[in-house]
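Reading through the C-alpha cells given below for one structure.
Lettering of chains follows the sequences in order, A, B, ..., and the numbering in each one begins at 1.
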Amino acid sequence: MDPIAAIEAVLFVADAPVSAGELSQVLELPPAEIATALRTLGERLAAQSSGLVLREVAGGWRLYTRPDLHPYLERFAASPTAARLSRAALETLAVVAYRQPVARGQIAEIRGVDSEQALRTLEQRGLVDVIGTAPGSGQALLYGTTETFLEKAGLASLADLPPLADHVPPPTVVEILERPFRPEEPSSDSRS
Amino acid sequence: MDPIAAIEAVLFVADAPVSAGELSQVLELPPAEIATALRTLGERLAAQSSGLVLREVAGGWRLYTRPDLHPYLERFAASPTAARLSRAALETLAVVAYRQPVARGQIAEIRGVDSEQALRTLEQRGLVDVIGTAPGSGQALLYGTTETFLEKAGLASLADLPPLADHVPPPTVVEILERPFRPEEPSSDSRS
Amino acid sequence: MTYEVRTPVYEGPLELLLQLITSHRLDVTEVSLSDLVTEYLAHLGQMREMDLEVTSEFLMIAATLIQLKARRLLPGDDTVDLDEDLLLAEERDRLLARLLANLTFKDVATVLALRFEATEMLVSRQVGLDPEITPPRRELRLGVTALELARLADRILQRSIAQPDLDHLDLELPSVSDAIADLRRRLEADIETDFDRVTAHLERPLELVAYFLAMLELARWGLVEARQTDARSPIVLRRTEAPAGVLISEWDS
C-alpha cells in the first residue's frame, strides 16, 4: 500500500479536516509513518505545482484549492455546471416547497432515497433553511424554503405556488388499510 | 496562470463532470490548450502515483479516487456504499438505455413482465427520468437515462454504450429457440 | 456470454417460455412443440393454484402455442385458411422476436452490471467549494419554473403514494436513530449516567422504547457499557472509548 496515495484519497473525499490519529486508524499505520507521508504529500503537491494544497487546520489535515486560483473557482461557481441544481436537489426542493415544514427523514421517505447531500446543497445555495424543530424526543430539524427561493422561482409568496393535484391513495388502498380497524358487522355498513 | 493547476482546482470543487467547453470558458483558454492541459494532468496524476485519477465521463471530466484505494475509503467514515441494483432493475435499465425514449408498456413488452417497480427504483436512484410524453391520447410517459447513469456506467456518452448487436444471441441459441416452433414434417410446406 | 435462464420463479410468461425451451435443450432432448405446450399449460395451472396473478399475457402466449400445435396436427395445407395461417406465422415470429430481444437485453444488462461494479470503486468528491470561496449569489439559477417544480412535486408524491405507507395514520413513531444521537450527546457530556436520568424528559411509552433500543444498539457497538445489579435497580450507562470507522445502524433508514 502506498500511504501517500491513500491519504490523498481519504482527504479528497472528506468534508472536514481529518486528524492524523484517524488517518493512522484508517490506514492501520503508526503515527510516525502517517506524519512522514503527510509531509511528503504536502511537498509533492507543492513541488509539481498542483492546484491543491495540503494544510493543517484545527483538528486535522485538509486539502484545499490553491488560493491564487480562487478567481477561477469563483467564475466556475457561476458557470452552468456549478450553478445548475442536480435532479436530486430539484426533487428535494420540490418536496420541501410543498411539504414544509418538513424533516429530513420525511423527505427521504417521500423520495425513497437519502436526501442529506441534496439538502446540504440547497442550504448552501440559500434555497432552503432550517425553520424549526419537530416536537417530541427526536428534535428533528424542520426545513422550509427561503425568500431567495421565492425570488428565484418568481413567486410573491408561498401562496402563489402552483396547486398540486389532490394526492389521495386510491379507494382500494384506503379500504385495505382500514380493514383491520373496521368493526366486523354482519350488516353491510357502507363507509367510504 | 498554470492551466493544469487551475483545471485540477476546478475539478476538485465540482460536484459533477465538467465539460471541456466549460473549462475553456472559465479559464478563458482555447479548447486546444484545455485538451492538452487535461491530457497532461491525467498523465501527471498517473506518473506520480497520486491517489486520484482523471476520467472522461458523461460528457465531461471528473476526478475520482484510485479504485485500488477503495478499501481505505470504506473504512473511512464518509464512504458512500452504493446498494446494488436488482436483476429486474438492471434489465429495465438496459432496455431504457437502448430504446429511449421508451414508454413503460414497451419495456414490459420486451421484458415480458410489468416493470413499474423497477422503473420507480431507477427513478429514485436518478438513473432514469421522464423525458417526455408519447403523442396521442394516452400521453404515456417516456423514459430515458440521465447523466448520472452515464457517470455510473463509466460512459462518456450514449454513443459509447456497447453495441447491442454484440449481445444478440448467437445462431446456435437462435436455432434452439426456433426449433420447437418449426414444422416437424418435411412434407408440410415450409412457410416462415 | 451466458444464455442460461436459471430463475426457478416465473417472473413472467416470456421468462417461463425461455426457461422451458432452454432447459429442454440442456436435457439434450429434441424439444417438440407439443411438449412445450403441455408443460406451459401445466405451469400455468400450477401458478393459478399458487394463487399468483395469472396475467392475460400468460394466456395469450399459451393460446398462441396451442394454435401452433393445432395447426401442425391438421393433415394438409389446403384445409387451412391461408389468412389465419399467415396470422399464426406472424404471431410465432413475433414470439420468437420477443424471446430474442429478451435474451439480448438480459445479456447486455450483465455488461451494465459489470460497468456499474467497476465504477463503484471510483469515488468522486461531493464537498463543493472551499469554505473561503463565496460564489456570487445573484448568479444562482433555479433552472426550473414554479410550474415545472409543481409537476416534479406531483410526480414524486404520486410515486411515493404508489407504495402504500402508514403516514396518514399519524402514529408519529419516535426515531431510534434520533434517540441514539441524543444518547451519544448526553454521554459525551457525562461519562456515566443512568437510563432513568437520560429518559426523564420523555412522555410517551413509545419514546421510552426507542431510547431502550438505542441503548441496546450503543451497547452492541461497544460505545456504551450498560450494567444493572438486579431487575429493580437503575441501569447504569457508561461511555467507552469509541472505535474508529463508520457505524451503520439498522435503525438508520
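- Looking at C:Leu65, only its side chain comes within 4.5 Å of chain B, counting heavy atoms on both sides.
- At least one side-chain heavy atom of C:Arg155 sits less than 4.5 Å from a side-chain heavy atom of B:Val130.
- Counting heavy atoms from C-beta on, the side chains of B:Leu52 and C:Arg125 never come closer than 4.5 Å.
- The two residues C:Thr119 and B:Ala153 come nearest to each other via the heavy atoms CG2-C, 4.1 Å.
- Both the backbone and the side chain of C:Leu122 come within contact range of chain B, each with at least one heavy atom under 4.5 Å from a heavy atom of that chain.
- Nearest heavy atom pair, residue B:Ile176 against residue C:Ile21, reads O-CG2, 3.6 Å.
- Ring-plane geometry between B:Tyr98 and C:Phe105 is classed as perpendicular, the angle between the planes exceeding 60 degrees on a 0 to 90 degree scale with a lower cut at 30.
- Considering only heavy-atom pairs separated by less than 4.5 Å from chain B, the leading option among C:Glu117, C:Arg115, C:Glu90 is C:Arg115.
- A salt bridge is absent between B:Lys152 and C:Glu120; no separation between the charged side-chain nitrogens and carboxylate oxygens falls under 4.0 Å.
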Given C:Arg98 and B:Ile110, is the side chain to side chain contact (heavy atoms under 4.5 Å, CB included) satisfied, shown in steps?
CA-CA 6 Å; C:Arg98 285 185 64 192; B:Ile110 291 172; over 6 Å; no
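- Taking 4.5 Å as the limit, every side-chain heavy atom of B:Val174 sits out of range of all side-chain heavy atoms of C:Leu96.
- Ranked by heavy-atom pairs under 4.5 Å with chain C, the first of B:Leu11, B:Val95, B:Leu141, B:Thr92 is B:Val95.
- Rounded to the nearest 0.5 Å, atoms CG (C:Leu103) and NE2 (B:His167) are 13.0 Å apart.
- Neither the backbone nor the side chain of B:Ala9 has a heavy atom closer than 4.5 Å to any heavy atom of chain C.
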Applying side chain to side chain contact (heavy atoms under 4.5 Å, CB included), run through C:Phe116 and B:Leu127 and close with a yes or a no.
CA-CA 11 Å; C:Phe116 273 78; B:Leu127 295 169; 4.0 Å; yes
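- Taking a cutoff of 4.0 Å between a charged side-chain nitrogen and a carboxylate oxygen, B:Arg87 and C:Glu15 qualify as a salt bridge.
- Scanning both residues, B:Leu177 and C:Leu18, for their nearest heavy atoms gives CD2-CD2, 3.8 Å.
- When C:Leu99, C:Leu100, C:Val111 are compared by the number of non-hydrogen pairs under 4.5 Å with chain B, C:Leu100 comes out ahead.
- Distance CG/B:Asp68 to CE/C:Met121: 11.0 Å, rounded to 0.5 Å.
- Annotation: side chain of B:Leu161 is in contact with side chain of C:Leu112 (closest heavy-atom distance under 4.5 Å).
- Neither the backbone nor the side chain of C:Ile156 has a heavy atom closer than 4.5 Å to any heavy atom of chain B.
- With a 4.5 Å cut-off on side-chain heavy atoms, B:Arg111 and C:Leu14 do not count as touching.
- Proximity to chain B (any heavy atom under 4.5 Å) is restricted, for C:Arg94, to the side chain, taken from C-beta onward.
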